[in-house]
Amino acid sequence: MALAGKLSDLHLYLIRMMEKAVVMSAEIQKTNPNATQWILFGNYQGFSLRKHGCLPCIPIFVEYFSNYENYYTGSTRNIVLINVPKSFDTIGNLVRPLMSPGTRNGFKVYASDKSRWDFVDTIIPSNQLPPKYGGNKKPHKQNQKKS
């Protein structure tokens, strides 16, 4: 993205996704007042520090978490990242100091060893998680492949 000159597009996309989650959370609260927070669940499969951690890319990670802390802090119960390569520690060490204690406590990073993902069902109900992550959520009709 950085080399293609599209970092501003990525930045806007990330903000749009966060806004969408907040709006969806507010919609859910109308029928379920106890639903006050959401969970950010990210799959970092294919992430490479060489490709995605380049010098022009790093500010996007820092700015994303900075925006989260400035405008959305407390809106997530957990931030869970899976399939995270060891090289992510570099970026994690850059953004952790930007996090409030509440965000830092809910920030969970896990490698690709699926046997260590048993925590997921304690955070996310299995009926809300697709099978590839150990859940049994059925895909939305719009996401099902047409035969």
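All values below were derived from every heavy atom in this structure, side-chain atoms included, with hydrogens, water molecules and symmetry-related copies excluded.
A distance-only check finds a donor-acceptor pair linking the side chain of Y68 to the backbone of T76 [under 3.5 Å]. Proximity of a side-chain donor or acceptor of N70 to a complementary backbone N or O of S66 within less than 3.5 Å is detected. Under the 3.5 Å distance criterion, the side-chain polar atoms of K132 are left unmatched by any main-chain donor or acceptor of L129. With hydrogens and angles ignored, the 3.5 Å screen pairs a side-chain donor or acceptor of R104 with a backbone N or O of M99.
For K30, the side-chain hydrogen bond (donor to acceptor under 3.5 Å, both in side chains) criterion is met by E27, not counting sequence neighbours. Listed by chain and number, the residues in a side-chain contact (heavy atoms from CB on, under 4.5 Å) with P125 are N127, Q128 (sequence neighbours excluded). Y71 meets the ring pair (Phe, Tyr, Trp, His ring centres under 6.0 Å) test with no other residue; sequence neighbours excluded. The ring pair (Phe, Tyr, Trp, His ring centres under 6.0 Å) check on F107 picks up F65, with sequence neighbours excluded. Applying the side-chain hydrogen bond (donor to acceptor under 3.5 Å, both in side chains) criterion to N43, with sequence neighbours excluded, gives N83, Y133. With sequence neighbours excluded, the residues satisfying side-chain hydrogen bond (donor to acceptor under 3.5 Å, both in side chains) with Y72 are E19.
Separating the CG atom in L81 from the CZ atom in F41 is a distance of 9.0 Å, to the nearest 0.5 Å. With rounding to the nearest 0.5 Å, the separation of CG in N78 from OG1 in T103 is 10.5 Å. For the atom pair CD (E63) and CG (L10), the distance works out to 10.0 Å, reported to the nearest 0.5 Å. Interatomic distance, D9 CG to L14 CG, rounded to the nearest 0.5 Å: 11.0 Å. Note that NZ of K20 is 12.0 Å distant from CH2 of W38, once rounded to the nearest 0.5 Å.
Linking Ile, Leu, Val, Met, Phe, Trp and Tyr residues whenever their side-chain heavy atoms come within less than 4.5 Å places Y44 and V109 in a single cluster. Both I123 and I82 are members of a single hydrophobic cluster when ILVMFWY side chains are connected at heavy-atom separations under 4.5 Å.
The two residues Q29 and T36 make their nearest non-hydrogen contact at NE2-CA, 3.3 Å. Closest approach of A35 and I28 over heavy atoms only: CB-CG2, 3.7 Å.
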### Query
Does the pair L12 and R16 meet the rule for a side chain to side chain contact (heavy atoms under 4.5 Å, CB included), with working shown?
CA-CA 6 Å; L12 290 173; R16 198 172 308 123; 4.0 Å; yes

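When side chains are defined from C-beta on, H11 counts as touching N67, because their heavy atoms get closer than 4.5 Å.
M24 CE: 12 or fewer foreign heavy atoms inside a 6.0 Å radius.
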